[in-house]
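Scroll down for the structure; my scribbles are underneath it.
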Protein chains: 2
Amino acid sequence: MSLKHGLLGLLNYGSMTGYELHKVFQNSLNFFWQAQVSQIYRELNAMEKKGWLTSEYEMQTDKPNKKRYTITKSGRQELKNWLNHGRLEDAMTIRSAFMMEIFFSGERSTRENLEQLKTFADLCEKSLVRMDEADASVSNYEKVTKESDRVLYWMLTASFGRRYFEMCLRWAKDAIQILEEE
Amino acid sequence: MSLKHGLLGLLNYGSMTGYELHKVFQNSLNFFWQAQVSQIYRELNAMEKKGWLTSEYEMQTDKPNKKRYTITKSGRQELKNWLNHGRLEDAMTIRSAFMMEIFFSGERSTRENLEQLKTFADLCEKSLVRMDEADASVSNYEKVTKESDRVLYWMLTASFGRRYFEMCLRWAKDAIQILEEE
DNA sequence: TGGGTCATGTAACCTGTTACATGATTAG
DNA sequence: CTAATCATGTAACAGGTTACATGACCCA
């Protein structure tokens, strides 16, 4: 039930269309949750049926019409409930197809494994660069809006992301060294 | 398609029943992939239809009959293919409902957030203890079997797990400090 | 002339979760 | 007496992925 609540959280900041939500999602929640546009439309529909949202059409002549969603009182209540029932158990689980691959890498040659780990290390570095950009845009936002209580928590998630990729990079480098010493 | 390939990898070590696979899964892949028993049975069925596995019944009088699965040549080929087409893109994504919660924690009181972070830090410490136990059992296995090429990669995934939880713990402690200084 | 942006979705499929069912044996 | 272990599953539902459809406008 996390995508629904992610969308709820964003709509709590202000009314938006599905299309706009998708773009906002991409620049914020996307670091730790992924969603296709089509899925967003489906969820918005379901959420409206539950009474968490209302919608109204905005007619346009030059472009397709818009369907703007607004959070309701019951939607805000649902968001609060969700925040109060922590997802801590979930927080302790890792789900990584890549680690599964590593687990079975004894069936592959060391040369292939080294190659794979080096590409992984490379991607980690690229992700770190992207985190720098994200940080910059968040702290810029802070200067402009002064919504510092929200921004503090956004920065905490960003810092988690950065540390995650740093950890991955260190792990990969150490793994490469171990394999090369063989 | 990762659960299928995880099961394939385990069956590559030796023939097993669904029930046994579930237990082996719990003590190995479970650190980075989770699966219900019922899902395992369903996937085994699908994999047999694809020709990756064959099965035979083992009759028992005192206990329920067993259905033992064996990997086929085409199953081994599939495993190899899977290993050769890296899942690196996937490796770069984090999916965490907990981080989504943190992202929206500006809507909650600082007191509640501190409580949540402290519980999280606690759980990280517990996970680290479990990683110690896992490490011990893997290195014990190594001494017994001498399958050192496989064990090397298992240890790499375990080391990733440990580092992940260590990172989480440090992040949580730093976050707590930031909130307390407010 | 082709591709991108704007904006909505539907349909089919795959994967994951939860609840339920059976029925004997064994350990506390 | 109760709960766990052994061993198989089915059914329903929720959530995520992929492919497809429409149609105008703008930019190179």
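In what follows, chains are A, B, ... by sequence order, proteins preceding strands, each numbered from 1.
Looking at heavy-atom distances under 4.0 Å, B/N65 makes contact with sugar-phosphate atoms alone, never a base. B/R68 comes within 4.0 angstrom of no nucleic acid atom, judged by non-hydrogen atoms across all strands. Residue contacts shown for A/T17 are limited to sugar-phosphate atoms, with no base heavy atom under 4.0 Å away. No engagement by A/S2 is indicated, since no non-hydrogen atom pair under 4.0 Å with the nucleic acid exists.
Straight-line distance from the CD atom of B/Q39 to the P atom of D/dA11: 17 Å, rounded to whole Å. Rounded to an integer number of Å, the gap from A/H5 NE2 to D/dG15 C1' is 14 Å. Summarising the geometry, the separation between OH on B/Y41 and C1' on C/dC20 is reported as 15 Å, rounded to the nearest angstrom. Atom C1' of nucleotide C/dT17 and atom CD1 of B/I40 are separated by 13 Å, given to the nearest angstrom. A/R42 has its CZ atom 11 Å from the P atom of C/dT10, to the nearest Å. Residue A/Y57 contributes atom OH, which lies 11 Å from atom C1' of C/dA7 at whole-angstrom precision. Rounding to whole angstrom units, NE2 of residue B/H22 and P of C/dG16 are separated by 14 Å. For the pair A/L3 CG and D/dA14 P, the interatomic distance rounds to 15 Å; values are reported in whole Å.
The side chain of A/M1 approaches D/dG15 more closely than any other nucleotide in the set C/dG9, D/dG9, D/dG15. Side-chain proximity of B/K23 to the nucleotides C/dT17, C/dA7, D/dC6 is greatest for D/dC6. Candidate nucleotides D/dG16, C/dA7, D/dG9 were compared by shortest atom distance to the side chain of B/K67, and D/dG9 ranks first.
Within the structure, a side-chain polar atom (N or O) of A/Q36 is placed less than 4.0 Å from OP1 or OP2 of D/dT17. Neither OP1 nor OP2 of D/dA14 sits under 4.0 Å from any side-chain N or O of A/K4. Dashed line: the shortest gap from a side-chain N or O of B/Y19 to OP1 or OP2 of D/dT8 is not under 4.0 Å.
Aromatic ring pairs are classed by plane angle as parallel below 30°, tilted from 30° to 60° and perpendicular above 60°; the pair A/F120 and A/F98 is parallel. Between B/W171 and A/F160, the angle of the ring planes goes over 60°, which puts this pair in the perpendicular group of the 30/60° scheme.
With hydrogens and angles left out, the side chain of A/S38 and the base of D/dT18 share a donor-acceptor pair within 3.5 Å. Side chain B/R95 to base D/dG16: no donor-acceptor pair is found below 3.5 Å.
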Pair A/R162-A/S159, side-chain hydrogen bond (donor to acceptor under 3.5 Å, both in side chains): steps then yes or no: CA-CA 5 Å; A/R162 143 152 313 103; A/S159 127; over 6 Å; no
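With hydrogens and angles ignored, the 3.5 Å screen pairs a side-chain donor or acceptor of B/R87 with a backbone N or O of B/W82.
Between B/K66 and B/E20 there is a salt bridge, since at least one side-chain N of the basic residue sits less than 4.0 Å from a carboxylate O of the acidic one.
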